[in-house]
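Side chains included, hydrogens not; waters and symmetry mates left out as well; all remaining heavy atoms used.
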Amino acid sequence: MAEQTVSDSDFADILAATREFVRTVVVPREVEIMTGDEVPADIRAQVRDMGLFGYAIPQEWGGLGLNLAQDVELAMELGYTTLSLRSMFGTNNGIAGQVLVGFGTDEQKTRWLADIASGAVVASFALTEPGAGSNPAGLRTRAVRDGDGWAITGRKQYITNAPTANLFVVFARTRPADADGPGIAVFLVPADADGVTVGPKDAKMGQEGAWTADVALDDVRVGADALVGGAEDIGYRAAMTTLARGRIHIAALSVGTAQRALDESVGYAATATQGGTAIGEFQLVQAMLADQQAGVMAGRALVREAARLWVTGEDRRIAPSTAKLFCTEMVGRVADLAVQVHGGSGYMREVPVERIYRDVRLLRLYEGTSEIQRLIIGGGLLRAARAAR
């Protein structure tokens, strides 16, 4: 079956509705979300009704079917508000859902994707471990054959949406890496399976309302149908592919947040006064605004180009890492400048730029740290040069 795509006019409507929802419904309630460390149920219901739990799931499986070029435009709108909003449905559309979309069997897609797209199921991507973060090759979680099925034992760490998850997409080692492959498989593990324990919600620096937790798997038994793609060596490729795609999404999210920080800075500079003069009249403040604007514009252009290269298949490795590296570092600088423009008020809790400053620090860590992105980019360029000789 050919994959259905969203027309430009339909996507324009989706984008406009999302922008309106973010700016008129969510932005006014950011302090409530931050102080309560929770996205309210009525906002969650509106997100579900808008189809956002499945915006990147193909239409044949019940989603909106946005491609990555459309995804990044949506992400830039979602990034304009508290990042916990996007996190609530990000794993369904991104690193968890895309494992099934890209690598699942038809039976697995039929079983799970419609519920993931509707929000009836929250899927979590269970890759990170105490000894294996940005490099999945260090996985210690083990899966051993148990009759026709598998028994999985291990511990996962910092798993997004774990406290509310119905399904864990679990990466586990089935054997040591050898000439046949890395020995990493990926399994679909229901959250209510015997032996699955979700730890307490993590207390984090920022992103209140975006819940993460440890997940322990103690001799968890799953059937043969839980092995994604029905093949043991799919896991490493699935992780690398979905993480690379996710990097472009995180880059776009960073651009959206940087735009919000810039808008807050400009608004404050235009109205706050020092000695009777609006601080925006001071040249050094204008210079900070200019640096913010340059970062936002450069990031937006880079994200769109990286998404185009992904959609065409021209570059699905170096461009995603380049976009994530630049945009996540850029939003950190923009957020820092936003606090500086605001002066002392920018350090006060419940002022938007204070929350943004804390929230964006995580963007340089997940989906691979900035250091890992540099290794991917540099190594990839050198490999390409050697191949061209």
Side-chain angles (χ1 to χ4, degrees), residues 91 94-96 98-100 102-104 123-163 165 167-204 211-244 246-247 362 364-373 375-376 379:
T91 49
I95 50 181
Q98 294 302 317
V99 168
L100 269 170
F103 300 93
S124 276
F125 186 81
L127 173 65
T128 301
E129 299 178 3
S134 296
N135 183 7
L139 280 180
R140 295 179 181 176
T141 296
R142 303 286 302 181
V144 297
R145 289 194 178 275
D146 177 48
D148 291 336
W150 297 84
I152 306 172
T153 298
R155 181 187 169 201
K156 300 295 182 177
Q157 192 175 45
Y158 312 139
I159 304 305
T160 301
N161 290 330
L167 176 69
F168 290 108
V169 178
V170 176
F171 292 80
R173 185 171 294 284
T174 59
R175 66 173 194 280
D178 57 28
D180 294 327
I184 296 174
V186 56
F187 298 89
L188 304 175
V189 179
D192 60 1
D194 291 341
V196 175
T197 304
V198 178
K201 188 173 58 176
D202 294 325
K204 305 192 300 298
W211 294 350
T212 65
D214 289 2
V215 179
L217 303 109
D218 183 15
D219 198 30
V220 177
R221 309 300 175 96
V222 294
D225 58 351
L227 179 62
V228 172
E232 286 186 42
D233 280 316
I234 277 179
Y236 189 79
R237 184 160 56 94
M240 292 297 94
T241 301
T242 52
L243 284 171
R247 285 164 185 153
L362 183 57
R364 288 152 59 188
L365 302 177
Y366 59 20
E367 255 87 327
T369 63
S370 291
E371 290 70 30
I372 288 293
Q373 306 315 320
L375 293 177
I376 292 171

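At least one donor-acceptor pair closer than 3.5 Å links the side chain of T242 to the backbone N or O of A239. Between the side chain of T91 and the backbone N or O of A123 there is at least one donor-acceptor pair closer than 3.5 Å. At distances below 3.5 Å, at least one donor-acceptor pair connects side-chain atoms of K156 with backbone N or O atoms of L127. Under the 3.5 Å distance criterion, the side-chain polar atoms of D233 are matched with a main-chain donor or acceptor of G183. Put simply, the side chain of R364 never gets that close to the backbone of T369: no donor and acceptor are under 3.5 Å apart. Listed for the S124 side chain is a donor-acceptor partner under 3.5 Å among the backbone atoms of T160. For the pair Q157 (side chain) and G131 (backbone), a donor-acceptor distance under 3.5 Å is absent.
Considering all non-hydrogen atoms of both residues, V215 and A162 come closest at CG2-CB, 3.8 Å. The minimum heavy-atom distance between P190 and L167, with the atom names listed, is N-CD1, 4.1 Å. Nearest heavy atoms, E129 versus L139: OE2-CD2, 3.1 Å.
Residues V222 and I152 form a side-chain contact, since some pair of their non-hydrogen atoms from C-beta on lies under 4.5 Å apart. At a threshold of 4.5 Å between non-hydrogen side-chain atoms, the residues F168 and V198 count as touching. Looking at V189 and V196, their side chains come closer than 4.5 Å, going by heavy atoms from C-beta outward. Side-chain contact check for L243 versus I95: some heavy-atom pair is nearer than 4.5 Å. At least one side-chain heavy atom of L188 sits less than 4.5 Å from a side-chain heavy atom of L100. With contacts defined as side-chain heavy-atom distances shorter than 4.5 Å, the pair E367/I372 does not qualify. By the 4.5 Å heavy-atom criterion applied to side chains, R247 and Q373 are counted as neighbours. Between R237 and F103 the shortest side-chain heavy-atom distance falls below 4.5 Å.
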Checking side-chain contact (heavy atoms from CB on, under 4.5 Å) for the pair V99/V228: CA distance, chi angles, key distance, verdict?
CA-CA 8 Å; V99 168; V228 172; 4.1 Å; yes
What do the steps show when you test R155 against L217 for side-chain contact (heavy atoms from CB on, under 4.5 Å), and what is the final call?
CA-CA 6 Å; R155 181 187 169 201; L217 303 109; over 6 Å; no
Working note: W150 + R221, criterion side-chain contact (heavy atoms from CB on, under 4.5 Å); need CA distance, chi angles, decisive distance, verdict.
CA-CA 6 Å; W150 297 84; R221 309 300 175 96; over 6 Å; no
Go through Q98 and T241 one step at a time and tell me if the side-chain contact (heavy atoms from CB on, under 4.5 Å) criterion holds.
CA-CA 9 Å; Q98 294 302 317; T241 301; over 6 Å; no
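Screening Y366, Y158, F171 for a ring-ring contact (aromatic ring centres under 6.0 Å, His included) with F125, the sole residue that qualifies is F171.
For the residue pair T174 and E232, a side-chain donor N or O sits within less than 3.5 Å of a side-chain acceptor on the partner. With hydrogens and angles left out, the side-chain atoms of D202 and T212 include a donor and acceptor closer than 3.5 Å.
Counted within 6.0 Å of CG on D194, heavy atoms from surrounding residues, nucleotides or ligands total 12 or fewer; the atom is thus considered open.
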